[in-house]
Structure formats: structure tokens, C-alpha cells
Chemist: 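One structure coming up, written as C-alpha cells, with questions to follow.
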There are 2 protein chains.
Amino acid sequence: MLNQSLDLAFQALSDATRRDIVARLAGGPLSVSELAKPLPMSLPAVLQHLSVLENAGLVVSAKSGRVRTCRLEPSAIAQAEQWLTAQRGEWERRLDRLAEYLNSPEGDAT
Amino acid sequence: MLNQSLDLAFQALSDATRRDIVARLAGGPLSVSELAKPLPMSLPAVLQHLSVLENAGLVVSAKSGRVRTCRLEPSAIAQAEQWLTAQRGEWERRLDRLAEYLNSPEGDAT
DNA sequence: GCGATAGTAAAGCATATGCTTAACCAATCG
DNA sequence: CGATTGGTTAAGCATATGCTTTACTATCGC
């Protein structure tokens, strides 16, 4: 499959809990337990969400002593963003060309 | 849940078949069977993918006679795009401020 | 009307997802 | 050392997802 990484990125972002994690990491790196504190679920559940995000390349983490610190990886996010921009952009260019055609003399149903 | 629509949009885009459908619709509206023709699966399966995309607001369709024509809905795509831009943007602004601080006189470990 | 074409509906099934609890390991702290 | 804090692993479970096949309806062209 081409673009399996987009599969993983979009799949990771399809969950509100994981988007919340991403949004909070956008404000700066956090440890696992800091991430888990406000979330209404067990710590292992949060770990599973983090592993989905890491697997998708959206988040990277490193362990120092006994605390694992997580931070955002913007390049994977940018990749998903660019795919969306490309599709919407293409479609909007099409609509523009259509409008242009309809406003041109040959476009009129004269 | 806030932003359930983002759930649906990202979830819809997490499947390669559905992204293929979106990409082809970006080139212009297509009927259900035109969409289904190149896909390696049964027609009902394609219908299910389309219903996911419509449910997410990414695609709209209308039936005329016996043919249903599908087209892209850019506003839902733009919403997902904007969410991504916001998170990545926030993180990159943070990094910029950090770099600025490290380059300033007070940032030096003199 | 009759057959082909375009789409729908329903049921079933294998696998994936999002949690839980229980048990466990490893770095601190007193 | 022993208790606590921070994280990890494994197993189990309910529900969701992505297909399939079968059967059925609605429209178009002759």
C-alpha cells in the first residue's frame, strides 16, 4: 500500500483523547503521567493511546530516569495537512475554472 | 463530545480506499459505479465507504434517475486541515520562541 | 413489457479498537 | 532497606470496522 503513513496518522487523529494529547503537547513536552492526569481513564489506556501516536510518527518520546517525556513531531502532522490541502486545493481550482468558463462568452447558452 | 465532526472526518480519511475516493472526486464529480470500477471490492463495500464519507460531511451526493452522483465538500476537509495547522503552528511558534531565547544574551549560560 | 443497468438492504463474519484489571519492574525517597 | 512513584506488560472483553454474499428495487433502452 502506498502512503500507509497517512493511514496511521489519520487513524491516530480520529480519536478525541488522542487529539487532546496532541493539542496539549503542542503547548510543550509532557511526561506520561502529566498527560494521563486529566484523562478519565486508566494509565495503561493512556499508554496505548501514546503508542498509537508514536507509531503514527506524530509524537516522539524518550525516557530519562523513570520518567518518559513526550513531544510533538510536526513533520508527520504536516504530511497529513498537505494531503488535505492538495485535495481541497484541486477541487477548488476546478470550481474556479468552471466559474471562469461560465462567465466567458463561449460559456453562455446563447 | 466537542468536535465529534473531527472524529468522523479523520476516521473517514484513515482508510486508503476512502482517500482514493476523495482524491478522485477532487478531479470532479463521479457516479457510484464510476467510483467503484477501479476498486478491488464489491459494490456494496464501496457504498459503505461512501456512506462513511457522507456521514463525515466530506462528500455529498444526489440521485438523479437511477444514478447517484458524488462530489467533494471542501468545508469539512478545510476543518480538519485547520485543526492540524493550529496544532503544528502552535508547536512551531514555541520552538521559535525557544530559539530566540537561546540566542539572546540572557539565554547564554555565561 | 423485458432485460440489462445502477443502486440498496440485510445478514454474517473475521479482525481491529479502546478500554479494563492484575501483576510487575525500576528509579527515587526517607 | 522498604515504601512510593512512574511506567510497562499481559490478558480479557465489548463494540466497531471492512468486507462478503444474497436478495431485492428502481430506472433506462428497446
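Within every chain, numbering begins at 1; the chains are lettered A, B, ... in the order of the sequence lines, protein sequences first and strands thereafter.
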Chemist: Side chain of B/Asp15: nearest nucleotide among C/dT20, C/dT17, D/dC19?
Modeler: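 Of C/dT20, C/dT17, D/dC19, D/dC19 is nearest to the side chain of B/Asp15.
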Chemist: Whole Å only: how far is the CG atom of A/Leu30 from the C1' atom of D/dG7?
Modeler: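 Going from CG in A/Leu30 over to C1' in D/dG7 covers 16 Å.
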Chemist: May I have the distance from B/Phe10 (atom CZ) to C/dT17 (atom P), rounded to whole angstrom?
Modeler: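 The distance from CZ of B/Phe10 to P of C/dT17 comes to 17 Å, rounded to the nearest Å.
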Chemist: Could you tell me whether B/Glu92 and B/Arg88 make a salt bridge, using a distance below 4.0 angstrom between a side-chain N and a carboxylate O?
Modeler: yes
Chemist: Atom CG of A/Asp7 and atom C1' of D/dG18: how far apart are they, to the nearest Å?
Modeler: 13 Å
Chemist: B/Val32 side chain: which of C/dG18, C/dG7, C/dA22 is closest?
Modeler: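 Closest nucleotide among those given: C/dG7.
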Chemist: Taking any heavy-atom pair under 4.0 Å as a contact, classify B/Ser33: base, sugar-phosphate, or nothing.
Modeler: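 If one applies the 4.0 Å heavy-atom cut-off, B/Ser33 turns out to touch the sugar-phosphate alone, with no base involved.
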Chemist: When every nucleotide of nucleotides 25-30 of chain D is labelled 5' to 3' by its protein contacts under 4.0 Å (heavy atoms), B for base, S for sugar-phosphate only, - for none, what sequence of letters results?
Modeler: --BS--
Chemist: Which nucleotide wins on minimum distance to the side chain of A/Ser42, given the candidates C/dT8, C/dT20, C/dC19?
Modeler: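 It is C/dT20.
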Chemist: Give a yes or no on whether a salt bridge exists between A/Lys37 and A/Glu34, defined as a side-chain N under 4.0 angstrom from a carboxylate O.
Modeler: no
Chemist: Could you state the atom-to-atom distance from CG of A/Asp20 to C1' of C/dG18 in whole Å?
Modeler: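 Going from A/Asp20 (CG) to C/dG18 (C1'), I get 16 Å.
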Chemist: When you match A/Pro40 and B/Gln48 each to their closest nucleotide on DNA chain C, which lands nearer the 5' end?
Modeler: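 That would be B/Gln48.
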Chemist: Got a salt bridge between B/Asp15 and B/Arg19, using NZ or NE/NH1/NH2 to carboxylate O under 4.0 Å?
Modeler: no
Chemist: Using heavy-atom distances to pick each residue's nearest nucleotide on DNA chain C, tell me which of A/Arg18 and A/Pro44 is more 5'.
Modeler: A/Arg18
Chemist: Take the protein atom CG of A/Leu43 and the nucleotide atom P of D/dA10, then report the distance between them rounded to whole Å.
Modeler: 17 Å
Chemist: In whole angstrom, what separates A/Glu34's CD from D/dG6's C1'?
Modeler: 11 Å
Chemist: Measure from CG on A/Leu35 to P on D/dT5 and round the result to the nearest Å.
Modeler: 19 Å
